[in-house]
Amino acid sequence: LARLNFIWKGFINMPSVAKFVIKAYPVSGSFDYLTEDLPDSIQVGGRISPHTVWEYVEKIKASGTKEICVVRFTPVTEEDQISYALLFAYFSSRKRYGVAANNMKQVKDLYLIPLGSSDKVPHHLVPFDGPG
């Protein structure tokens with residue numbers, strides 16, 4: 001990440017689980033709308049099953065009318081790292097992804113997908129079109 005500039009900085013907040021400052025780094029796709037549309041605080045509204053997310057992503061890819069972009073979130077401080085790990089553990093232990101509750105203009109859906117350092121990127125998201 002040292003060679004990349006972050007594209008967004010703000011809070012991720014899931015009440016009763018964690019709130020922390022995070023930076024988003026580009027991985028794949030176009031980020032113009034994302035950087036314009038993301039609020040100061042992403043509110044995590046709940047959990048969603050991976051199966052539901054991947055069915056939806058496949059429909060979007062097949063339509064060819066919408067774009068998918070992938071970012072990597074990284075906590076800013078050591079204190080943020082602790083809260084980040086709590087949220088990661090929360091989703092991982094339940095085998096669920098997070099879904100943002102914010103109403104954005106251009107970005108229709110935003111999912112938080114917990115990937116461990118040794119996890120493979122889900123095949124639905126590759127090949128990457130960006131810095132990777």
Side-chain angles (χ1 to χ4, degrees):
L1 294 177
R3 64 181 170 79
L4 296 175
N5 291 322
F6 64 90
I7 58 172
W8 176 83
K9 181 179 176 183
F11 289 95
I12 288 187
N13 182 27
M14 184 167 189
S16 76
V17 178
K19 181 178 182 179
F20 50 94
V21 179
I22 199 103
K23 289 181 180 178
Y25 290 88
V27 174
S28 179
S30 172
F31 305 100
D32 296 336
Y33 292 125
L34 187 67
T35 56
E36 292 174 13
D37 222 12
L38 284 179
D40 292 339
S41 182
I42 294 173
Q43 300 298 318
V44 181
R47 306 178 308 237
I48 189 168
S49 82
H51 178 75
T52 302
V53 170
W54 299 131
E55 279 186 344
Y56 179 66
V57 167
E58 288 304 317
K59 287 178 186 175
I60 288 174
K61 287 173 99 174
S63 77
T65 60
K66 299 194 186 316
E67 294 181 38
I68 296 173
C69 70
V70 179
V71 298
R72 176 180 177 172
F73 288 117
T74 303
V76 174
T77 67
E78 286 185 31
E79 186 176 318
D80 295 324
Q81 176 68 39
I82 294 166
S83 295
Y84 177 92
L86 285 172
L87 189 63
F88 178 90
Y90 175 85
F91 288 126
S92 293
S93 68
R94 289 161 175 80
K95 296 181 175 36
R96 293 288 185 260
Y97 297 163
V99 60
N102 301 75
N103 290 325
M104 295 170 268
K105 294 175 186 166
Q106 301 292 326
V107 177
K108 184 172 179 343
D109 297 291
L110 190 144
Y111 300 108
L112 302 174
I113 301 171
L115 290 179
S117 60
S118 62
D119 292 342
K120 291 189 176 204
V121 174
H123 72 276
H124 308 284
L125 299 176
V126 292
F128 286 151
D129 175 22

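What you find for Phe31 and Ile7 is that their closest heavy atoms are CD2-CD1, 3.6 Å. The two residues Cys69 and Ser30 come nearest to each other via the heavy atoms CB-O, 3.6 Å. Of all heavy-atom pairs spanning Ser28 and Pro127, the tightest one is OG-O, 4.4 Å.
No more than 12 heavy-atom neighbours from other residues, nucleotides or ligands sit within 6.0 angstrom of NZ on Lys95. Heavy-atom neighbours of Glu58 CD from other residues, nucleotides or ligands within 6.0 Å: above the threshold of 12.
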*Please walk me through it: do Val121 and Val27 pass side-chain contact (heavy atoms from CB on, under 4.5 Å)?*
CA-CA 11 Å; Val121 174; Val27 174; over 6 Å; no

*I would like to know whether Gln43 and Asn13 meet side chain to side chain donor-acceptor pair (under 3.5 Å); could you show each step before the answer?*
CA-CA 5 Å; Gln43 300 298 318; Asn13 182 27; 3.0 Å; yes

*Check against side-chain contact (heavy atoms from CB on, under 4.5 Å), Phe91 and Val44*: CA-CA 11 Å; Phe91 288 126; Val44 181; 3.8 Å; yes

*asked:* side-chain contact (heavy atoms from CB on, under 4.5 Å) for Met104 and Tyr33? Distances and angles first, verdict last.
replied: CA-CA 10 Å; Met104 295 170 268; Tyr33 292 125; over 6 Å; no

_Does Ser83 form a side chain to side chain donor-acceptor pair (under 3.5 Å) with Asp80? I'd like the steps, not just the answer._
CA-CA 5 Å; Ser83 295; Asp80 295 324; 5.8 Å; no

*Which is it for Leu110 and Asn102 under the side-chain contact (heavy atoms from CB on, under 4.5 Å) test, yes or no, and what are the steps along the way?*
CA-CA 9 Å; Leu110 190 144; Asn102 301 75; over 6 Å; no

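Interatomic distance, Arg47 CZ to Met14 CE, rounded to the nearest 0.5 Å: 6.5 Å. Of the inter-residue distances, the one linking Ile68 atom CD1 with Lys108 atom NZ reads 12.5 Å to the nearest 0.5 angstrom. For the atom pair OH of Tyr90 and CZ of Arg96, the computed distance is 10.5 Å after rounding to the nearest 0.5 Å. Between the CD1 atom of Ile48 and the CG atom of Leu112 there is a distance of 11.5 Å, given to the nearest 0.5 Å. Taking CD from Gln81 and CG from Leu86, the interatomic distance works out to 10.0 Å, rounded to the nearest 0.5 Å. Here the straight-line distance linking atom CD1 of Ile12 with atom NZ of Lys19 works out to 12.0 Å at 0.5 Å rounding.
Note on ring orientation: taking the six-membered ring where Trp is involved, the planes of His124 and Trp54 are parallel (angle under 30°, cut-offs 30° and 60°).
Among Tyr84, Phe11, Phe6, the single residue meeting the side-chain contact (heavy atoms from CB on, under 4.5 Å) criterion with Ile22 is Tyr84. Considering Asp37, Asp40, Ile42, Leu34 as possible partners of Trp8, the one that fulfils the side-chain contact (heavy atoms from CB on, under 4.5 Å) test is Ile42.
With hydrophobic clusters built from ILVMFWY side chains whose heavy atoms lie under 4.5 angstrom apart, Val70 does not share a cluster with Phe73. There is a path of hydrophobic side-chain contacts, each under 4.5 Å, that joins Val126 to Ile113.
Using a 4.5 Å heavy-atom cutoff, the side chains of Tyr97 and Val99 are not in contact. Between Pro122 and Leu115, some side-chain heavy-atom pair lies under the 4.5 Å cut-off.
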